[in-house]
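Just so you know, residue 1 is the first one in the sequence shown, and it goes up from there. Hydrogens, waters and symmetry mates are skipped; everything else that's a heavy atom, side chains included, is used.
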Amino acid sequence: MQILINLDANHPTFPPGTLDSRSRSLMNTYIKERFFDSIMYQEAAQRDFAAWLENHHETSQASAQGKRKEIRNIRSAAEKGVNTTTLLNEMERLHFDARNNVPDKQINFGLSHLIDTDFLARMAKQAGNPDVPITQRRGLMLFGATLMVGIRTSEWTTARLISDNPPVLPGETSAYPILVIQTAKTRKADPEPRYLILEGFDRGALGMIEACIDMTASMTNGHLGQLVSWECGKPC
């Protein structure tokens, strides 16, 4: 059986008030039992569900921890599902949004997915090549780490990594390494720091972040800008 789905919420089959709660509940049960898998198998339904969940969470009275748990549970199911790649990507986006209060987070989220094992291997090879100028090697390392955590270049001088015995932050159920950042762009005279949760970062990635923190601790913004503008040993 082929099911055609109308995802236009402005034109429901039964407008509000035309069905009593008992009848609507029966129909909902019917849909869940008969057509749930057939509907959720479709990419359009997966995207629409993610948009619905995002809107639902904006008005939901559930705690931030509860909302993230819902997203994590659905993401975990999507990882094991069949033809649920779209749902998995959408849940990863929502999880990123719900967890980290960072500027331009959708852009950073997309950039973070450009970094794979091959990318890091190529960058590490270049960074470890003594024939490559030291400025370029440092720039490569800083570029990669900046993409991984999604912060502004100028914010590295304020960064602090908590990887040994990190606390469990409010809204979380487990402890993960934390990157503490003093935001570089704010209207507040004394802005509060941001706490970025580095779940899934292995020891090598954390070591790279720590090396960047040490490297940039005494740098000026001008020096930082010079590092990230170098390509193949020459200024862009």
Side-chain angles (χ1 to χ4, degrees), residues 1-19 21 23-122 144 146-151 171-174 176 196-202 205:
M1 177 186 297
Q2 182 179 13
I3 301 174
L4 300 179
I5 311 172
N6 180 4
L7 296 178
D8 188 352
N10 295 321
H11 297 86
T13 302
F14 298 101
T18 58
L19 275 179
S21 59
S23 298
R24 180 173 290 275
S25 177
L26 287 172
M27 289 187 175
N28 285 338
T29 301
Y30 164 76
I31 292 294
K32 291 174 185 176
E33 291 183 355
R34 294 292 183 89
F35 301 118
F36 175 82
D37 288 330
S38 297
I39 292 174
M40 292 308 299
Y41 185 81
Q42 302 186 37
E43 293 183 4
Q46 294 172 26
R47 284 191 292 269
D48 190 63
F49 169 74
W52 175 88
L53 182 61
E54 188 172 16
N55 291 332
H56 173 73
H57 278 174
E58 288 182 357
T59 58
S60 172
Q61 298 301 311
S63 65
Q65 177 182 348
K67 294 176 183 177
R68 285 197 295 269
K69 183 178 180 181
E70 290 175 351
I71 295 172
R72 284 197 298 265
N73 288 343
I74 298 171
R75 182 182 65 174
S76 177
E79 286 179 327
K80 304 170 185 176
V82 178
N83 196 39
T84 51
T85 301
T86 298
L87 181 62
L88 174 61
N89 291 338
E90 290 293 323
M91 290 303 104
E92 287 188 345
R93 176 181 65 81
L94 293 184
H95 190 251
F96 188 90
D97 283 2
R99 166 166 280 175
N100 291 323
N101 179 25
V102 298
D104 301 324
K105 52 191 172 185
Q106 289 306 320
I107 296 175
N108 293 332
F109 175 80
L111 288 174
S112 70
H113 280 59
L114 296 176
I115 303 175
D116 55 16
T117 303
D118 290 338
F119 174 88
L120 291 176
R122 292 196 305 271
T146 299
L147 289 182
M148 286 197 301
V149 297
I151 65 175
E172 296 295 321
T173 57
S174 303
Y176 300 103
L196 307 186
I197 303 169
L198 307 181
E199 179 185 1
F201 282 57
D202 61 22

Checklist entry - Is Thr29 reaching over with its side chain to a backbone N or O of Ser25, donor-acceptor style, under 3.5 angstrom? => result yes
Item to check | Which residues share a side chain to side chain donor-acceptor pair (under 3.5 Å) with Ser76, sequence neighbours left out | outcome: none
Checklist entry - Is there a side-chain contact between Glu54 and Glu90, using heavy atoms and a 4.5 Å cut-off? => result no
Item to check | side chain to side chain donor-acceptor pair (under 3.5 Å) partners of Glu70, counting only residues at least two apart | outcome: His57
Checklist entry - Sequence neighbours excluded, which residues qualify as side chain to side chain contact (heavy atoms under 4.5 Å, CB included) partners of Ala62? => result Ser60, Lys67
Checklist entry - How would you list all residue pairs meeting salt bridge (charged side-chain N to carboxylate O under 4.0 Å, His left out) that involve residues 79-88, not counting sequence neighbours? => result none
Checklist outcome for this item: The reported gap from CD1 in Ile74 to CE in Met40 (rounded to nearest 0.5 angstrom) is 8.0 Å
Checklist entry - For Thr86 and Gln46, which heavy atoms make the closest approach, and how far apart are they? => result CB-OE1, 3.3 Å
Next on the checklist: With side chain to side chain contact (heavy atoms under 4.5 Å, CB included) as the criterion, how do Phe49 and Met91 come out once you've worked through the C-alpha distance, each side chain's angles and the decisive distance to 0.1 Å?
Outcome noted: CA-CA 10 Å; Phe49 169 74; Met91 290 303 104; 4.2 Å; yes
Item to check | Set of residues satisfying side chain to side chain contact (heavy atoms under 4.5 Å, CB included) with respect to Leu19, sequence neighbours excluded | outcome: Phe14, Ser23, Arg24, Met27
Item to check | Nearest atoms (heavy-atom pairs only) where Ala45 meets Ile39 | outcome: CB-O, 3.2 Å
Checklist entry - Roughly how far, to the nearest 0.5 Å, is the CG atom of Asn83 from the OG1 atom of Thr85? => result 6.5 Å
Item to check | Qualifying salt bridge (charged side-chain N to carboxylate O under 4.0 Å, His left out) pairs, either residue in residues 27-44, two or more places apart | outcome: Glu43-Arg47
Item to check | Minimum heavy-atom distance Leu94-Ala50, with the two atoms named | outcome: CD1-O, 3.8 Å
Item to check | Closest non-hydrogen atom pair, Thr146 against Ile151 | outcome: CG2-O, 3.2 Å
Checklist entry - Who pairs with Phe36 by ring-ring contact (aromatic ring centres under 6.0 Å, His included), at least two apart in sequence or on another chain? => result none
